Amino acid sequence: MVSTVPSSPQLFVAFLFVTTFLSSFPEFILATSSKHGSVTRHYKFDIRLRNVTRLCHTKSMVTVNGKFPGPRIAAREGDRIVVKVVNHVPNNVTIHWHGIRQLRSGWADGPSYITQCPIQTGQSYVYNFTIVGQRGTLFWHAHISWLRATLYGPLILLPRLNESYPFEKPHKEVPILFGEWWNADPEAVIAQALQTGGGPNVSDAYTFNGFPGPLYNCSNNETEIETFRLKVKPGKTYLLRLINAALNDELFFSIANHTLVTVEADATYVKPFESEIIVLGPGQTSNVLLKTKPEYPNATFFMLARPYFTGTGTFDNSTVAGILEYKKPLAPKNIPTLKPSLPAINDTSFVANFSSKFRSLNTAKYPAQVPQKVDKSFFFTVGLGTSPCPKNQTCQGPNNSSKFAASMNNISFTLPSIALLQQHFFGQANNGIYTTDFPAVPLRPFNYTGTPPNNTRVTNGTKTVVIPFNTSVQVVLQDTSILGAESHPLHLHGFNFYVVGQGFGNFNPNTDPPKFNLVDPVERNTVGVPSGGWVAIRFLADNPGVWLMHCHFDVHFSWGLRMAWIVEDGKLPNQKLPPPPADLPKC
């Protein structure tokens with residue numbers, strides 16, 4: 001088939017635009033419209049190795065379409081997204097569409113051995129899902145081992161056509177992805193940690209959109225190239241789509257001499273509030289408005305991010321910098337670059353105060369549909385623990401005689417060898433792959449945030465909770481002081497939830513629930529369990545399938561801080577999970 005250039009000037013311009021667009025975004029294939037105005041958007045992800053250089057260090061890394069970070073996926077509310085993922089690398093791969101509800105499309109959720117077996121070398125899988133009732137900023141990432149260190153990208157959900165934002169229309173929208181750079185292979189890092197039982201080595205830098213910035217050691221020419229620059233005009237409003245894709249770190253973020261207005265969290269609108277400093281946990285996203293100064297300020301401004309950390313292990317105690325600069329045709333040289341101040345590394349009070357500012361928009365158009373009654377209530381402890389060191393092996397965990405572990409209700413979740421969703425769908429619960437006896441409360445209560453117990457051993461198992469369709473669920477997530485109190489960003493697949501309460505110390509079931517906000521609590525998919533405290537969430541189990549709940553610190557996930565909910569089918573056809581697609585990968 002021979003391509004011909006259109007004859008008319010108008011057609012030629014359209015042809016030129018389309019070919020330029022497709023060459024710039026090879027992952028985007030085509031979009032087809034339906035009679036209802038929604039669009040099916042087709043993308044292709046080729047998982048390939050590519051050499052990438054940062055911090056004067058070149059290494060081969062796993063990428064999508066050769067990009068680091070990966071390509072942007074964009075759609076409108078109501079659209080269908082179809083992504084064909086083809087694996088050309090030796091690693092097994094899955095992709096998770098973080099925060100997408102996946103209503104009756106659990107086969108497309110992506111966590112390995114939960115909703116699917118991995119895509120093996122030379123194989124492909126088509127993820128097919130529809131955007132229902134969501135708009136805002138999310139992201140996609142690998143969901144197997146630590147591959148999401150390099151396999152991640154923005155997932156932008158725009159309002160329906162002809163619908164506007166419930167805030168000022170921005171002059172421009174800019175995604176900013178917080179990530180990490182590793183000189184080593186992250187897969188080798190976690191493999192070594194799991195083998196020795198010790199804490200893993202940390203990353204070498206944080207990044208903005210893949211760039212570590214000028215505060216890291218490297219040649220001046222390299223850091224100049226490796227710095228994210230946000231160029232703005234005076235007197236404009238910019239929408240910054242912030243995404244924390246870092247593996248193991250909550251991050252403070254600030255832009256010198258500028259105030260940010262938060263308008264959305266985890267793809268749900270919130271009551272706008274101002275802050276000079278943002279806190280974002282791994283897996284969390286936020287839309288913030290940046291109003292630029294009315295006149296050219298004769299200065300540039302650092303954007304900085306560095307970790308919030310209260311644990312006892314090692315962490316990457318460094319700072320990533322980007323530069324906000326105002327466009328001016330004849331800008332003077334050698335103007336100053338101003339730095340923002342950030343809270344102390346362990347400033348838990350600042351984090352708690354910032355978190356308390358989030359409230360759902362709760363308007364007639366965007367109501368907060370908080371479950372007012374609770375059908376099933378759960379109390380889960382989250383924290384660290386230990387596993388015994390194998391015989392004839394020296395371990396590097398606590399006291400050099402054990403391995404680090406992590407658990408919920410003292411159960412460290414073991415990934416199965418066959419995907420749980422397949423086992424559940426085909427009624428194979430009795431084959432020994434998993435059990436349905438995950439405890440609703442800790443089997444051995446203790447003073448969770450006080451002096452830790454002498455026995456820190458966890459138990460292992462692939463245990464799940466089964467709940468009927470449309471059950472109203474409340475979960476209290478309680479941090480523990482075992483091996484040190486620390487914050488845990490907990491992510492729930494398949495649902496948004498309402499954060500109805502949080503506090504420090506041990507949750508009190510008599511005095512704390514009367515203080516819950518059941519009017520306009522923030523709706524999220526990832527929440528930080530406070531260091532030395534607790535958080536209470538509620539959600540309606542209206543999505544049949546198997547849904548993972550886990551800490552979004554990948555090191556804690558690898559140590560077993562995860563569990564799975566099994567939501568049974570409802571009685572009506574539109575309340576049941578459809579059969580798996582024909583190309584679902586096999587284990």
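The first residue in the sequence is number 1, and the count goes up from there. The shown structure was predicted, so the numbers you read here are calculated from the model rather than taken from an experiment.
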Do other residues, nucleotides or ligands put more than 12 heavy atoms under 6.0 Å from the [atom1] atom of [X]?
X      : atom1 : result
Lys271 : NZ    : yes
Lys357 : NZ    : yes
Glu163 : CD    : yes

Is a donor from one side chain sitting under 3.5 angstrom from an acceptor on the other, for [X] and [Y]?
X      : Y      : value
Thr137 : Asn287 : yes
Glu180 : Ser203 : yes
Asn496 : Arg101 : no
Glu187 : Ser145 : yes

Donor-acceptor under 3.5 Å ([X] side chain, [Y] main chain):
X      : Y      : answer
Ser487 : Val529 : yes
Asn87  : Tyr125 : no
Thr464 : Ile566 : no

A side-chain contact here means heavy atoms from C-beta on lying under 4.5 Å apart; do Phe495 and Val567 qualify?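 Of all side-chain heavy-atom pairs linking Val567 with Phe495, at least one is under 4.5 Å.
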Is the charged tip of Arg538 near the ring of Tyr498: under 6.0 Å from the six-membered ring centre and within 45° of its axis?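 Arg538 over Tyr498 ring: no.
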Contact list for residues 102-114, test side chain to side chain donor-acceptor pair (under 3.5 Å), sequence neighbours left out: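 Residue pairs with at least one partner in residues 102-114: His96-Asp109, Gln102-Ser105, Asp109-His493.
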With sequence neighbours left out, what residues match Tyr127 under side chain to side chain donor-acceptor pair (under 3.5 Å)?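 With sequence neighbours excluded, Tyr127 shows a side chain to side chain donor-acceptor pair (under 3.5 Å) to Gln116, given in chain and number order.
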Where does the angle between the aromatic ring planes of Phe273 and Phe358 fall among parallel (under 30°), tilted (30 to 60°) and perpendicular (over 60°)?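 It falls in the perpendicular class, over 60°.
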For the ring pair (Phe, Tyr, Trp, His ring centres under 6.0 Å) test, which of Phe497, Phe378, Phe469, Phe438 pairs with Trp565?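 Option passing the ring pair (Phe, Tyr, Trp, His ring centres under 6.0 Å) with Trp565: Phe378.
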